[in-house]
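Just so we're on the same page: letters track the sequence lines, and every chain starts at 1. Both backbone and side-chain heavy atoms feed into the values below; hydrogens, waters and symmetry mates do not.
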Amino acid sequence: MASQKVKITLPDGSVKVFDAAITGEQLAASIGPGLAKAALAMTVDGELKDIYSPLEKDAAVSIITAKDEQGLELLRHDCAHVMAEAVKELWPKTQITIGPVIENGFYYDFARAEPFTKDDLPKIEERMREIVKRDETIRREVWDRDKAIKFFKDQGEAYKAEIISDLPEGEEVSLYRQGDFIDLCRGPHLPSTGKLGTAFKLMKVAGAYWRGDSGNEMLTRIYGTCWRDKKELGAYLHMLEEAEKRDHRKLGREMDLFHFQEESPGAVFWHPKGWTLFLKLIEYMRKRQDDAGYVEISTPDILDRELWVTSGHVEKFGENMFYTSTPDGREYALKPMNCPGGVLVYAQGLKSYRDLPMRVAEFGKVHRFEPSGALHGLMRVRAFTQDDAHIYCTLEQMKDECIKVTELILDIYKDFGFADVALKFSDRPERRIGSDEVWDKSEKALKEALEATGRDYVYNPGEGAFYGPKIDFVLRDAIGRDWQCGTLQMDLNLPERFDIYYIGEDGNKHRPVMLHRALFGSLERFVGILIEHYAGRLPLWLAPIQVVIATITSDGDDYAKEAHAALREAGIRAELDIRNEKINYKVREHSLVKVPVMFVVGKREAKEGTVSIRRLGSQNQEILPLKEAVGALVKEARIPS
RNA sequence: GCCGCGGUAGCUCAGGGGUAGAGCACCCCCUUGGUAAGGGGGAGGUCGGUGGUUCAAUUCCACUCCGCGGCACCA
């Protein structure tokens with residue numbers, strides 16, 4: 001049989017011709033010894049393959065090394081396999097399940113009677129390093145499906161057997177063998193465990209449901225991180241430390257903004273400084289909404305249970321609600337949403353088409369009984385304040401209103417430095433009220449409105465509110481984390497249920513469209529996001545204490561009081577520090593609680609009528625006449641608009 | 001809600017079957033010091049709660065509450 005020539009096209013466009021089939025390894029070697037050593041895998045006509053796979057026909061081939069994103073993913077994937085191998089060596093009875101790559105690393109879920117604890121991690125890690133040192137060859141094997149199922153069953157690996165059983169018919173069952181360890185895997189993998197290197201670390205253990213379903217048994221998951229080299233690993237660990245430093249729970253305590261306590265799990269006790277920040281956000285939002293043509297209302301926190309039956313909340317949201325009763329035997333519920341109360345305000349008096357659109361805002365505090373395990377500082381609480389609003393309009397006005405809301409949200413986020421905002425469109429969930437026809441109609445209308453904004457969005461099937469489809473606004477903070485904040489929901493159901501209407505031009509009753517929207521979402525959570533986004537260093541307009549006037553010696557006390565009065569007079573939130581302490585001590589203390597500006601005054605400033613301005617985090621001192629300094633700050637501290 | 005870990009002074013944490021300790025913060029005294037900790041002294045805790053084992057429990061056990069990391073759920 002005459003050998004077939006093989007023509008390989010490389011990424012730079014060059015072409016290599018071989019007399020017979022070769023492997024990726026041989027191809028890499030033909031290019032250079034360095035590449036041969038670095039080669040982890042390859043793509044053949046775009047498809048990722050093991051580096052030792054044969055190249056039997058003409059193809060475009062690109063050698064993957066650790067430098068490639070795909071190469072890094074391979075390292076992480078292999079790291080998961082090496083971890084599973086280590087675990088099986090140490091505790092042979094442990095069952096292995098799945099071990100995918102995730103952002104920054106990987107995890108592997110194991111099934112065993114005794115869950116792992118973090119004390120097991122060093123031992124596993126040590127064994128992993130041994131396996132890397134052994135440099136075991138990793139090879140792909142394709143097995144007959146039934147044989148594979150039997151094999152894993154015989155090994156006591158019920159989960160693996162189940163995974164294979166569930167593979168679609170016709171899909172190849174591939175296994176990867178390294179040393180004595182063999183695992184079901186689609187691949188590809190590194191050619192040997194030695195290629196993994198040592199830049200990995202096991203991070204934490206956690207419980208996780210089999211197949212992510214809370215009805216299934218809980219497995220024990222080990223998370224690890226894995227990088228190209230020690231330097232990258234170090235940088236990642238350092239980044240984690242930095243993120244920890246800006247944890248809003250820690251900063252909230254240090255800056256004396258709020259606290260939590262047992263008597264009301266998941267509810268915030270706001271301290272004066274935290275509440276100042278909270279109120280500033282509301283003040284800002286009021287202004288923006290006022291400019292955008294909104295009016296504001298306030299509705300009761302506790303409403304008759306029957307109302308929540310009418311709205312559908314008891315049925316569809318009931319297990320997330322707080323209920324209460326009074327000595328007279330009446331049943332109430334704490335509002336988990338503001339909409340029903342808002343609808344009752346709309347329903348007061350006749351509305352004309354001339355009144356629409358009506359944009360009605362409410363800073364309503366809602367209570368939701370969240371699962372205990374979900375609570376997390378300000379980010380996930382059981383009582384929170386929404387910057388809620390309901391827009392009542394006609395179907396024709398609806399698109400325009402959606403565009404306006406979208407523009408408002410994006411513009412407001414910019415004032416906080418959130419420029420990177422993603423939009424998500426969610427349609428009907430399983431648990432919902434209303435007919436499919438109504439859902440068809442609202443989904444179509446909302447989607448058209450979304451498309452009319454001209455912005456990109458991602459589709460999130462089945463994630464809508466129980467009364468209507470929605471658009472969510474997800475912002476990215478200073479350290480790259482995503483937060484879902486704003487929401488815009490289309491609702492044809494509640495108007496129906498509460499039978500609200502307006503009188504149209506034709507003199508007849510018509511059903512209005514109701515849009516639910518929130519921009520910050522939860523004020524509590526938004527404060528948490530801001531604290532972490534700014535690492536506690538809030539912009540001047542939001543800082544609870546904007547300026548501290550600190551004296552150097554008591555000779556400056558009288559003048560410091562003057563400066564303090566001038567600042568207060570100008571509306572600046574200023575505090576006076578005339579304690580008998582050294583200036584170093586005062587500077588340190590106020591810096592730690594992140595006061596943005598300090599006025600330092602001593603004899604010199606008192607004599608000259610100036611202040612020495614020190615900005616948080618800066619060593620610089622700016623000397624300005626008091627009046628000028630106050631004027632500049634007033635300008636700088638203005639609420640954005 | 002589920003799995004694992006934890007709860008000791010205001011904060012960060014050590015300790016451990018014989019009723020507790022450090023640093024910082026707090027209070028008092030000395031110090032009047034030019035931009036991130038001046039010095040000395042003092043006060044402060046029924047060791048999350050309830051039961052149990054024990055001569056004796058903060059320590060061991062059970063239950064419970066709360067928190068932390070995930071999972072599930074979600075603004």
Side-chain angles (χ1 to χ4, degrees), chain A residues 107 109 112 114-120 203-223 247 249-250 253-254 256 259-266 317 319-320 336-337 366 368-388 463 465 470 472-474 483-487 489 516 518-526 528-529 550-557 578-593 598-605 612-623:
Chain A
Y107 67 77
D109 285 348
R112 66 198 302 251
E114 276 286 290
F116 290 111
T117 72
K118 63 175 185 302
D119 300 330
D120 297 321
M203 303 298 283
K204 54 195 169 197
V205 292
Y209 297 107
W210 166 235
R211 300 199 148 161
D213 184 338
S214 60
N216 288 341
E217 61 274 31
M218 185 152 275
L219 308 172
T220 160
R221 173 175 296 179
I222 301 178
Y223 283 94
D247 188 312
R249 293 166 297 184
K250 179 172 132 75
R253 186 170 48 242
E254 287 171 4
D256 194 18
H259 84 271
F260 291 88
Q261 65 183 61
E262 290 196 29
E263 283 75 2
S264 190
F317 203 75
E319 65 272 32
N320 283 306
M337 296 185 194
V366 296
R368 297 184 186 175
F369 184 70
E370 298 291 344
S372 58
L375 303 181
H376 181 97
L378 295 175
M379 303 308 193
R380 192 76 184 273
V381 292
R382 284 180 175 162
F384 61 99
T385 312
Q386 294 181 315
D387 57 331
D388 210 350
E463 296 292 320
K470 62 175 182 171
D472 286 314
F473 297 80
V474 181
W483 299 100
Q484 186 173 312
C485 292
T487 187
Q489 307 169 350
H516 306 237
L519 311 195
F520 292 148
S522 150
L523 266 294
E524 281 76 359
R525 192 163 81 130
F526 200 73
I529 293 167
T551 49
I552 289 168
T553 69
S554 54
D555 293 335
D557 287 4
I578 55 174
R579 290 175 303 169
N580 177 14
E581 294 291 351
K582 289 195 168 180
I583 192 62
N584 281 333
Y585 183 89
K586 294 183 183 179
V587 166
R588 175 180 157 81
E589 204 169 68
H590 300 301
S591 298
L592 285 176
V593 298
M598 285 187 71
F599 281 4
V600 175
V601 299
K603 273 187 204 161
R604 205 155 60 221
E605 287 77 9
S612 166
I613 304 171
R614 184 197 162 101
R615 298 275 175 168
L616 177 58
S618 161
Q619 246 75 265
N620 294 340
Q621 299 163 38
E622 191 188 1
I623 313 284

Of the nucleotides [options], which has the atom closest to the [X] side chain?
{"X": "A/Asn584", "options": "B/rU35, B/rG69, B/rA75", "value": "B/rU35"}
{"X": "A/Glu262", "options": "B/rC65, B/rG34, B/rC26", "value": "B/rC65"}
{"X": "A/Val600", "options": "B/rG4, B/rA75, B/rG34", "value": "B/rG34"}
{"X": "A/Met218", "options": "B/rG33, B/rC71, B/rU35", "value": "B/rC71"}

What distance, rounded to whole Å, do you find between the two [atom1] atoms, one in [N] and one in [M]?
{"N": "B/rG1", "M": "B/rC73", "atom1": "C1'", "value": "9 Å"}
{"N": "B/rA9", "M": "B/rG23", "atom1": "C1'", "value": "12 Å"}
{"N": "B/rC24", "M": "B/rC60", "atom1": "C1'", "value": "33 Å"}
{"N": "B/rU35", "M": "B/rC28", "atom1": "P", "value": "28 Å"}
{"N": "B/rC47", "M": "B/rG7", "atom1": "C1'", "value": "10 Å"}
{"N": "B/rA62", "M": "B/rG6", "atom1": "P", "value": "13 Å"}
{"N": "B/rA72", "M": "B/rA57", "atom1": "C1'", "value": "38 Å"}
{"N": "B/rU59", "M": "B/rU54", "atom1": "P", "value": "16 Å"}

Within the structure shown, what part of the strands sits under 4.0 Å from [X] by heavy-atom distance: base, sugar-phosphate, or nothing?
{"X": "A/His376", "result": "sugar-phosphate"}
{"X": "A/Gly207", "result": "base"}
{"X": "A/Lys118", "result": "sugar-phosphate"}
{"X": "A/Ser214", "result": "sugar-phosphate"}
{"X": "A/Arg253", "result": "sugar-phosphate"}
{"X": "A/Leu219", "result": "nothing"}
{"X": "A/Val381", "result": "base"}
{"X": "A/Ala206", "result": "base"}
{"X": "A/Gly212", "result": "sugar-phosphate"}
{"X": "A/Glu605", "result": "base"}
{"X": "A/Arg249", "result": "sugar-phosphate"}
{"X": "A/Tyr223", "result": "sugar-phosphate"}
{"X": "A/Arg614", "result": "base"}
{"X": "A/Ser372", "result": "base"}

Using whole Å, what does the distance between atom [atom2] of nucleotide [N] and atom [atom1] of [X] come to?
{"X": "A/Phe384", "N": "B/rC74", "atom1": "CZ", "atom2": "P", "result": "13 Å"}
{"X": "A/Glu622", "N": "B/rG34", "atom1": "CD", "atom2": "P", "result": "22 Å"}
{"X": "A/Arg221", "N": "B/rC3", "atom1": "CZ", "atom2": "C1'", "result": "11 Å"}
{"X": "A/Arg382", "N": "B/rC66", "atom1": "CZ", "atom2": "C1'", "result": "11 Å"}
{"X": "A/Glu589", "N": "B/rA25", "atom1": "CD", "atom2": "P", "result": "8 Å"}
{"X": "A/Leu375", "N": "B/rG1", "atom1": "CG", "atom2": "P", "result": "9 Å"}
{"X": "A/Lys250", "N": "B/rG10", "atom1": "NZ", "atom2": "P", "result": "19 Å"}
{"X": "A/Arg588", "N": "B/rG34", "atom1": "CZ", "atom2": "P", "result": "19 Å"}

Can you name the nearest heavy-atom pair linking [X] to [Y], along with the distance?
{"X": "A/Gly377", "Y": "A/Phe260", "result": "O-CZ, 3.3 Å"}
{"X": "A/Met598", "Y": "A/Ala550", "result": "CE-CB, 3.7 Å"}
{"X": "A/Ile623", "Y": "A/Glu605", "result": "CD1-OE2, 4.3 Å"}
{"X": "A/Val587", "Y": "A/Ser591", "result": "O-OG, 2.6 Å"}

(request) By nearest nucleotide on RNA chain B, pick out whichever of A/Ser618 and A/Thr487 is the more 5' one. (result)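 Checking each residue's closest nucleotide, the 5'-ward one belongs to A/Ser618.
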(request) Starting from the 5' end of RNA chain B, give me the residue, A/Pro265 or A/Lys586, whose nearest nucleotide shows up first. (result) A/Lys586
(message) Is the base of B/rG38 stacked against the aromatic ring of A/Tyr585, taking ring centres under 5.5 Å apart and planes under 30° as the test?
(response) no
Using only heavy-atom distances, decide whether a donor-acceptor pair under 3.5 angstrom links the side-chain of [X] to the base of [N].
{"X": "A/Arg380", "N": "B/rC73", "answer": "yes"}
{"X": "A/Glu370", "N": "B/rA75", "answer": "yes"}
{"X": "A/Tyr209", "N": "B/rG70", "answer": "no"}

Need the pair for [N]. Rule: Watson-Crick or G-U wobble, both distances under 3.5 Å, any strand; none if unpaired.
{"N": "B/rG1", "result": "B/rC71"}
{"N": "B/rA9", "result": "none"}
{"N": "B/rA25", "result": "none"}
{"N": "B/rC63", "result": "B/rG49"}
{"N": "B/rG18", "result": "B/rC55"}

(request) Look at A/Gln619 and B/rU35 and indicate whether a side-chain polar atom (N or O) is within less than 4.0 Å of OP1 or OP2. (result)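 So the side-chain polar atoms of A/Gln619 never come under 4.0 Å of the phosphate oxygens OP1 or OP2 of B/rU35.
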(request) Examine B/rA75: is either OP1 or OP2 under 4.0 Å from a nitrogen or oxygen in the side chain of A/Lys470? Give yes or no. (result) yes
Indicate whether the side chain of [X] and that of [Y] have a donor and an acceptor atom separated by less than 3.5 Å.
{"X": "A/Arg221", "Y": "A/Tyr223", "value": "yes"}
{"X": "A/Gln489", "Y": "A/Thr487", "value": "yes"}
{"X": "A/Ser612", "Y": "A/Glu622", "value": "no"}

(message) Between A/Asp213 and A/Arg211, does the salt bridge (Lys or Arg N to Asp or Glu O under 4.0 Å) criterion hold? Intermediate values first, please.
(response) CA-CA 5 Å; A/Asp213 184 338; A/Arg211 300 199 148 161; over 6 Å; no
(message) Check for me whether A/Arg112 meets the cation-pi criterion with A/Phe116, that is, NZ or CZ under 6.0 Å from the six-membered ring centre and within 45 degrees of the ring axis.
(response)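 A/Arg112 over A/Phe116 ring: yes.
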(request) Please report the C-alpha distance between A/Trp210 and A/Met218 in whole Å, then the side-chain angles of each, then the deciding distance to 0.1 Å, and finally whether the side-chain contact (heavy atoms from CB on, under 4.5 Å) criterion is met. (result) CA-CA 6 Å; A/Trp210 166 235; A/Met218 185 152 275; over 6 Å; no
